[in-house]
Number of protein chains: 2
Amino acid sequence: MKDDVTQQILTAAGELFAEHGYRETTVRDICKRAKVNVSAVNYYFGDKERLYVQAVKNARLQMERRVPLPEWDAATPPEQKLRQFVETMIRRMLISEGSSWQTRLLTREIMEPTRACEEMVQESFLPFFQLLLGIVRELSAANWPDHKIEKIGMSIISQIVHYRAQDRIVELLIGSNQLQQHYRPHDLVNHITEFTLAALHAMRQADQPSFDRTASSSPN
Amino acid sequence: MKDDVTQQILTAAGELFAEHGYRETTVRDICKRAKVNVSAVNYYFGDKERLYVQAVKNARLQMERRVPLPEWDAATPPEQKLRQFVETMIRRMLISEGSSWQTRLLTREIMEPTRACEEMVQESFLPFFQLLLGIVRELSAANWPDHKIEKIGMSIISQIVHYRAQDRIVELLIGSNQLQQHYRPHDLVNHITEFTLAALHAMRQADQPSFDRTASSSPN
DNA sequence: TAATATGCCAAACACGCGTTTGAAACGAGT
DNA sequence: ACTCGTTTCAAACGCGTGTTTGGCATATTA
C-alpha cells in the first residue's frame, strides 16, 4: 500500500510539474490527481521540494527504461550509430508511448537547474553526451581539436531538444497542419541526421579533400 | 516624472522576470528595485500580468534597437548574409552591451507562451524567420520543397537559441574554463555558420553533384 | 490664494499556498 | 479482544502574495 501511494503521488507530481512547472503546481492539485489526502505529500516526502527532486529522478529512470539506447558492436558504422542516437533522443522527447511528460520535466530542469539537476547531469546527461562525442569523433577528421568535436555535439543536441523545448513556437512558425504532415518524429530523425552527416562530410572535405572517411562520398 | 517611473518599473520588471520568471518574481521586489512604492505597479499598469506583457514588449523593442539587422543590397552573397544573420542573433542572445536580459525574457516567452507571446511572434519572430528562410532558399537547390527549407531554418535557429536557453547545462557539460576559452560569441558564430554552410554544401552536392552553387566549392 | 487634479505612500485586506495538527481508522501481533 | 505502530483525514495555522484603500504631498489652474 505504501509504495503504491508514493508511486501514485510521484507520477501525478511528475505530470503536473512537467505541464505547469514547480511554482505553478500546488500540492493540493497533486494530491487531488493522485487521489490522496493533502498531507500525504508531507508524510511521505517531507516537503514539496523533496517531492520534486524525487519526481525528477523518477522521470529520468522511467524515460531511460521506456526508450533504452540500442546496443552496438565494434562493426557498427558511426553513421548508423548517429542515426540511432538521434532516433533514441527524438523518441524520448516526442513519442508518447505511455505519454512523454518525463522529458518535458527533464527539459524544464535543463533550462532552469534546481537541486534535482546535479544528479541528473552526473548520472545521465554527461555519459550520454560523452557517448555522442565518441560517435562524432569517429565521423571527424583526426586533427580536429576537442572543442570542435564538442561544438558539433552541441549542434546535434540543440536541434533535437529544440522540438521539445520550443515546441509551441515551432507550431506558431510553421502552422499546425504543416507540423502534422512533415514534422513527425521519423521526419525529424531523417532531417537531423542528414543535416549533421552532410555538415561533417563537407567539413572533413574542406579540411583534407583527399582523405575522405567514406569510400562512396555520399553524405547520406 | 510619470514616464520616468513607468520606464523604471519596466526595466526593473524586465530584469527580474528574465532572471526568475513570472511567478517567482514578486511585485514588491520589482518596486524595491525600481525604488517606487508597491502600489505603483497597479497604479500605472493595472495589475502584474499587464505589467508583464508590457515588459516583454519593451524588451523586444530594446533588443531590436540594441542590435539591429545589417543592411544588404542585392549583390550581397547569401553566405555573408547567413553569417551576419547568425552574428546578429548571437549578439542579441549573448552579448551584454548594456546587459542582455531582454533575450532571456523573450526566450522564456518562447518556451512557455503567455498572453504576451502572440504579438511578439507576429511582430518580430515570423518576419525574422521568413528572412532566414529567404537566405536558406538562396543556398539551397532549386527543387527542395518548402518543408525542407523550413527544417533547415529550424536547425539554424535551434543551434543559436540553445546557448541562451540551455546555457546552464552547456556550462555543466563542457566546464566553465572551456566555456570562456572556446565559446565566446565570435567562436559560436564561426562554428554555427561553418556547420550550417557545410551541411548545405554537402546536401546540394548529394542532390545534384554536377551543379554546385559556388565556383570554388569551399563550404567555408 | 483657493480649488482641483495628479502622483505618491504606509498600512491593511483577502486569498491561496505549504505545512502542521490531533484524532480517527486500520492492520499485525499476541 | 487488546495493544501498538502506521496510515489517513478534515481542519486549521502561518505566511507571502497581489491588490486596495484613504490620506497626504505636490503640481496645475482659476
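Within every chain, numbering begins at 1; the chains are lettered A, B, ... in the order of the sequence lines, protein sequences first and strands thereafter.
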Between residues 45-57 of chain A and DNA chain C, which residues have a heavy-atom gap below 4.0 Å?
-> A:D47, A:K48

All salt bridge (charged side-chain N to carboxylate O under 4.0 Å, His left out) counterparts of A:K57, not counting sequence neighbours | none

Residues in salt bridge (charged side-chain N to carboxylate O under 4.0 Å, His left out) contact with A:E112, at least two apart in sequence or another chain = B:R108

Can you sort out the partners of A:E118 under salt bridge (charged side-chain N to carboxylate O under 4.0 Å, His left out), two or more places apart, ordered by chain and number?
-> none

Taking only the side-chain nitrogens and oxygens of A:N42, find out if one of them lies under 4.0 Å from OP1 or OP2 of C:dT19.
-> yes

Could you give the CD1-to-P distance, from B:I9 to C:dG7, as a whole number of Å?
-> 12 Å

Take B:D167 and B:R104 through the test salt bridge (charged side-chain N to carboxylate O under 4.0 Å, His left out) and record every step on the way to the result.
-> CA-CA 11 Å; B:D167 58 349; B:R104 179 149 226 127; 3.3 Å; yes

Those residues that, when tested against A:E119, pass salt bridge (charged side-chain N to carboxylate O under 4.0 Å, His left out) (two or more places apart) = A:R60

Using a cut-off of strictly less than 4.0 Å, decide whether A:Y43 has a side-chain nitrogen or oxygen near OP1 or OP2 of D:dT7.
-> yes

Sorted by number, the residues of residues 17-35 of chain B with heavy-atom contact under 4.0 Å to DNA chain D = B:T25, B:T26, B:V27, B:R28

For residues 148-188 of chain A, which residue pairs qualify under ring-ring contact (aromatic ring centres under 6.0 Å, His included), counting only residues two or more places apart or in two chains?
-> A:H182-B:H147

Would you please confirm or rule out a distance under 4.0 Å between OP1 or OP2 of C:dA10 and any side-chain N or O of B:N37?
-> yes

Contacts of A:N42 meeting side-chain contact (heavy atoms from CB on, under 4.5 Å) (sequence neighbours excluded), chain-then-number -> none

What is the distance, rounded to the nearest whole Å, between atom CG of A:D4 and atom P of C:dC26?
-> 18 Å

Name all pairs fulfilling the salt bridge (charged side-chain N to carboxylate O under 4.0 Å, His left out) condition that reach into residues 36-55 of chain B, sequence neighbours left out, sorted by first residue then second.
-> B:D47-B:R50, B:E49-B:R115

